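Here is the structure we will look at.
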Amino acid sequence: MAGSEVKVLGTWASPFALRVHIALGIKSVKYEWVEENLEAKSQLLLESNPINKQVPVLIHHHKPICESLAILQYIDEAWPSAPSILPSDPYHRAVARFWAAYIDHKWFTWLKGVASAEGAEAKKAALDQVREGLVVVEEAFGKCSKGKDFFSGDRIGYLDIVLGCFLGWLYVAEKRNDVKLLDEEKMPGLAAWAIKFCLEGAVKDVMPDKDELLDYANMVFQAMAKAKAKLNAPPNN
Amino acid sequence: MAEEEVKLFGTWASPFSRRIEVALKLKGVQYEYIEENLTNKSPALLNYNPVHKQIPVLVHNGKPVAESFVIMEYVDETWKHNPILPTDPYEKAMARFWAKYIDEKLWPAAKKVVVTKGEEQKGVINEIQQQMKNLEGELKEKTFFGGESIGFVDIAANIIIWLVVAQEALGMDQILDEEKLPILHGWLQRLLDDAVFKECVPPKERHLDFSKVKFGSSIASK
């Protein structure tokens, strides 16, 4: 059966696993999704990714591929028929990879920083940094899209997937901190892009519901706060 | 073929710009090298890499490319002979995985081990030993990570040389010990013997002096 040739190990809330969902959808590849429990990782996950023990993992012909950006490029290369995920020109590919590195290493780190910032001042600084990063990416969007709907032009591609997977968690940060981050005024290009991205065929059926994600995030952060309070509490008499 | 203009902005002591030198030399690409002073960055560098203001930057016919792995893939895709990455998509994915592992796990640990002491340092040493064992698991009996010749992961792993030199400069016991890590140790000797690669490491004495100055304050309280 063709479907069992391709397996994805992931979690519904993981933006990195969402990248793989979307990419396989773009290529119309049938696959089996294995929902992992990160508190009790499956034997398959531990064997497929022994080094990092993380999702997502793509398993193709029984061979595991790890790290979402490596997986995206693998999908583009293993299923080379159109539509393509990365541009064909080496310079445009370099531009796409550069911004993917910026989004993952800088911007997403700042987004995570919002959750770990303690105190009103630190939170504000963290949120400002996320917003500033989006302004930088807004400029990149202008240059890459050249007036079209997506970073990749008329259809979604690498950079759309790399940033778009975080839209749910961006919404979570906005709601939990009662702020606007993806601001239509400051980032009109990205604001319009975000709406179109979520409506894309390969995205809308696999993107987690953002309010479900918010409920999940609230639950996780509440549990973390409880665990922290317990650690900091004075010993019982 | 149209005249090509290739410029590389780098610094002599950066493993990241040295990576690009290896890639360009393996392909026989002629380039102009510009040594940057990171305390006084040139307007050209700031213009070509306004986002990070860092080296290395490759400028090809006026178009800048930044981030060492991005540049390496660009070089490989533009000058297709003597490939640095495998052609098979799975092997390519593995190379990208291990290069990322080196930069995101091994390099931060290497930077940490030379500025920590006591129990904390011991913990980082154990971490690095495990990371190196993982790399050995990938290398196995191959001459290089790239197979018979140097490839993407070998070039990425050049940072191991910076760790070895820093440890020597500080009089630390080498983590990359021939007994404990024979496979990786053998690989490093082959890498340093390679005709192209050995042109792309900082001169040893100068590198040792540089490391002593950079990390020297951690010796005092050892």
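None of these values were measured; they are calculated from a predicted model. Quick note on labels: first sequence line is chain A, next is B, and so on, each numbered from 1. Scope of the values below: all heavy atoms of this structure, side chains included, with no hydrogens, waters or symmetry mates.
- Here the CZ-CZ distance, from Phe141(A) to Phe150(A), works out to 8.0 Å after rounding to the nearest 0.5 Å.
- With respect to chain B, the highest number of heavy-atom pairs below 4.5 Å among Pro64(A), Ala78(A), Ala100(A), Pro80(A) belongs to Pro64(A).
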Dump the intermediate steps for ring pair (Phe, Tyr, Trp, His ring centres under 6.0 Å) on His60(B) and Trp79(B), then the final yes or no. CA-CA 12 Å; His60(B) 183 203; Trp79(B) 293 277; 4.8 Å; yes
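- For His52(B), the part sitting under 4.5 Å from any heavy atom of chain A is the side chain, from C-beta outward, and nothing else.
- Rounded to the nearest 0.5 angstrom, Leu9(A) CG and Ile59(A) CD1 are separated by 4.5 Å.
- For chain B, the option among Ala70(A), Pro90(A), Ala96(A) with the highest count of heavy-atom pairs below 4.5 Å is Pro90(A).
- Taking the six-membered ring where the residue is Trp, the centroids of Phe69(B) and Tyr74(B) are separated by 6.0 Å or more.
- Looking at Asp89(A), there are no atoms closer than 4.5 Å to chain B (heavy atoms on both sides), in backbone or side chain.
- The aromatic rings of Trp98(B) and Tyr101(B) lie perpendicular to each other, with more than 60° between the two planes, well past the 30° mark.
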Take Trp107(B) and Phe16(B), measure what ring pair (Phe, Tyr, Trp, His ring centres under 6.0 Å) needs, and give me the verdict at the end. CA-CA 11 Å; Trp107(B) 177 239; Phe16(B) 305 102; 5.4 Å; yes
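- Neither the backbone nor the side chain of His60(A) comes within less than 4.5 Å of any heavy atom of chain B.
- Proximity to chain A is absent for every atom of Gln131(B), based on heavy atoms less than 4.5 angstrom apart.
- Note that the CD atom of Gln73(A) and the CD atom of Glu73(B) stand 5.5 Å from one another [nearest 0.5 Å].
- Only the side chain of Trp99(A) comes within less than 4.5 Å of a heavy atom in chain B; its backbone stays farther off.
- Between chain A and the residues Asp88(B), Val65(B), Val51(B), the most heavy-atom pairs under 4.5 angstrom are made by Val51(B).
- For Lys100(B), the part lying under 4.5 angstrom from a heavy atom of chain A is the side chain only.
- Chain B forms more heavy-atom pairs under 4.5 Å with one residue of Phe98(A), Tyr102(A), Tyr74(A), Tyr91(A) than with any other, namely Tyr91(A).
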